[in-house]
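Both backbone and side-chain heavy atoms feed into the values below; hydrogens, waters and symmetry mates do not. Whatever order the structure lists them in is the order used to number ligands and atoms, beginning at 1.
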Amino acid sequence: MNILVTGGCGFIGSNFIIYMLGKYPDVNIVNLDLLTYAGNLENLKSLESSPRYRFARGDITDRDIVSVLASEKPQAIVNFAAESHVDRSIIDPSAFIKTNIMGVQVLLDACREFNIPRFVQISTDEVYGSLGPVGSFSESNPLEPNSPYSASKASADLLAHAYFKTYGLDVVITRCSNNYGPYQFPEKLIPLMITNALEDKVLPVYGDGLNVRDWIHVLDHCKAVDIVMRKGLPGQVYNIGGRCEYYNIDIVRLIINKLGKSESLIKFVKDRPGHDRRYCMNADKLSSSLGWEPEISFPEGIDQTIQWYLDNQKWWEGIKTGEYLKYYDTWYGDR
Ligand code: NAD
Ligand code: DAU
């Protein structure tokens, strides 16, 4: 099976490529990635000499490069490419609109032109908006995104659905909750808190710290994407979630305790504007129809993840320089 993965140098995409090439001897992957600030060739260094892996640097909004790769007629395109950080979308939504919406249009058009049998759009639970203290999101919930990031992802979902309805394109959409694990860029909560704690830097917790996220290990997400890519029904949406809710502050305290650091590093800072209070995914459809279940418990996964950041200090120290520091100062400077 030949797969065109987009955004494969980011956190989830690189874990997906490593997982797929490790699991299936008959899978070949081409990875199209622009290498934005979030893309890192180091993540896939172990595959550089693999005859089943090829990297192409390029933008999913660039019709020429997308056409060249789509004309090779992969059996599926799996789109991880996106601007993915909510806080950056608040600073400037432009890149989010371009990549997350227009880029998806380019990929969908290429699927039509080259008769690609399957397009997998990697979406997010954030398209559903925010939950109160009880209940969970199912696939039939309305789309009520609250940030420029989630609005751009919801737009892409609608576009993908429209191509299914209008052109009969074989599209499946996955919506996953918060991922954690190796290779996550240290702007997101868990790797930011681990690496800041290791550097004895302030741990900035937004608002009262009582926002809730539903955590899933990235490998469980990758396995779900594989199953949906192979067996999902055309035009369907599949929620993916870890059934693992935590308050942000409890995650931060847990990391501090595991690293033997002091809680005095915690600083409650000005809240994220439009901050969604709670996410919780109902993934029963995926479990009952395609037999997927998350396998990695949070206590096990977080221990492995902390250990990964301890073992790969060079990886994240290399990131926390230059552009990262400018972003950090812009966002956290006045908080
Ligand atoms: P990431 O920011 O770590 O990686 C994004 C990758 O896309 C990078 O390699 C980047 O270089 C590439 N990219 C960005 N713009 C591009 C463009 N125009 N053309 C080609 N490549 C481009 O993101 P992630 O956390 O790995 O998320 C991957 C996908 O999963 C995203 O679509 C995101 O919305 C979705 N998602 C993420 C989570 C999560 O918790 N991280 C949860 C649910 C869904
Ligand atoms: O839910 C899926 C989404 O999860 C994905 O679609 C996004 O791509 C991904 O970035 C993530 O979005 P969140 O906004 O939930 O993740 P983030 O790690 O940025 O924040 C998690 C929670 O932690 C959120 O409530 C905000 C809070 N937070 C985050 C940061 C970076 C803090 O309190 N302090 C921080 O410094």
Asks: Quick one: does Asp276 get an N or O within less than 3.5 Å of an N or O on ligand 2?
Replies: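 Asp276 vs ligand 2: no N/O contact under 3.5 Å.
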Asks: Taking the minimum heavy-atom distance to atom 6 (O) of ligand 2, which of Tyr332, Tyr149, Tyr128 ranks first?
Replies: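 Among Tyr332, Tyr149, Tyr128, the closest heavy atom to atom 6 (O) of ligand 2 comes from Tyr149.
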Asks: Just to confirm my output: which protein heavy-atom neighbour is closest to atom 33 (O) of ligand 2, and how far is it?
Replies: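 Answer for atom 33 (O) of ligand 2: Tyr206 N, 2.9 Å.
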Asks: Kindly say whether the aromatic ring centers of Phe119 and Tyr163 come within a distance under 6.0 Å.
Replies: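 Phe119 vs Tyr163: aromatic centres not under 6.0 Å.
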Asks: When you measure from atom 9 (O) of ligand 1 to every protein heavy atom, which one gives the shortest distance, and what is it?
Replies: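 Answer for atom 9 (O) of ligand 1: Asp33 OD2, 2.6 Å.
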Asks: Please determine if Asn40 has a nitrogen or oxygen closer than 3.5 Å to a nitrogen or oxygen of ligand 1.
Replies: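 By distance alone, the answer is no.
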Asks: Going by the closest heavy atom to atom 13 (P) of ligand 2, which one wins out of Glu126, Lys188, Arg277?
Replies: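 That would be Glu126.
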Asks: Who's closest to atom 17 (P) of ligand 2 heavy-atom-wise, of Arg272, Lys267, Arg213, Arg278?
Replies: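 It is Arg272 that holds the nearest heavy atom.
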Asks: Looking at atom 44 (C) of ligand 1, what's its closest protein heavy atom, distance included?
Replies: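 The protein heavy atom lying closest is Ser123 O, 3.0 Å.
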Asks: For atom 41 (N) of ligand 1, what is the closest protein heavy atom, and at what distance to 0.1 Å?
Replies: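 For atom 41 (N) of ligand 1, the nearest protein heavy atom is Ile12 CD1, 3.7 Å.
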Asks: Tell me which part of Leu192 gets within contact of ligand 2: side chain, backbone, both or neither, using heavy atoms under 4.0 Å.
Replies: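 Side chain only.
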Asks: In this structure, is the centre-to-centre distance between the rings of Tyr324 and Tyr37 below 6.0 Å?
Replies: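 No, too far apart.
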Asks: Checking Tyr238 side chain against Leu233 main chain: does a donor-acceptor pair fall under 3.5 Å?
Replies: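 Side chain of Tyr238 to backbone of Leu233: a pair is present.
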Asks: Any idea which protein heavy atom is nearest atom 16 (O) of ligand 2, and the distance to it?
Replies: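 Residue, atom and distance for the closest contact: Asn178 ND2, 3.4 Å.
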Asks: Restricting to salt bridge (charged side-chain N to carboxylate O under 4.0 Å, His left out), what partner residues turn up for Glu72, sequence neighbours left out?
Replies: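 Salt bridge (charged side-chain N to carboxylate O under 4.0 Å, His left out) check on Glu72 returns Arg54.
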Asks: Going by heavy-atom distance to atom 18 (O) of ligand 2, choose the closest among Leu203, Leu189, Val127.
Replies: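 Checking each option, the heavy atom nearest atom 18 (O) of ligand 2 is found in Leu189.
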Asks: Taking the minimum heavy-atom distance to atom 9 (C) of ligand 2, which of Pro204, Pro191, Cys176, Ser84 ranks first?
Replies: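 Of the listed residues, Ser84 has the closest heavy atom.
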Asks: Does Lys320 use its side chain to pair, donor to acceptor, with the backbone of Leu325 at less than 3.5 Å?
Replies: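 Not confirmed, Lys320 side chain does not pair with Leu325 backbone.
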Asks: Please state which option from His275, Met281, Gln184 has its nearest heavy atom closest to atom 25 (O) of ligand 2.
Replies: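 That would be His275.
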Asks: How does Asn248 reach ligand 2, if at all, at less than 4.0 Å between non-hydrogen atoms: by side chain, backbone, both, or neither?
Replies: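 It is the side chain that gets close, since no backbone atom is under 4.0 Å.
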Asks: Is ligand 1 under 4.0 Å from a heavy atom in the side chain of Lys153, in the backbone, in both, or in neither?
Replies: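 It is the side chain that touches ligand 1; the backbone stays farther off.
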Asks: Can you say whether the rings of Phe137 and Tyr279 are parallel (under 30°), tilted (30 to 60°) or perpendicular (over 60°)?
Replies: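 Plane angle between 30° and 60°, so tilted.
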Asks: Can the ring centroids of His85 and Tyr149 be said to lie less than 6.0 angstrom from one another?
Replies: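 No.
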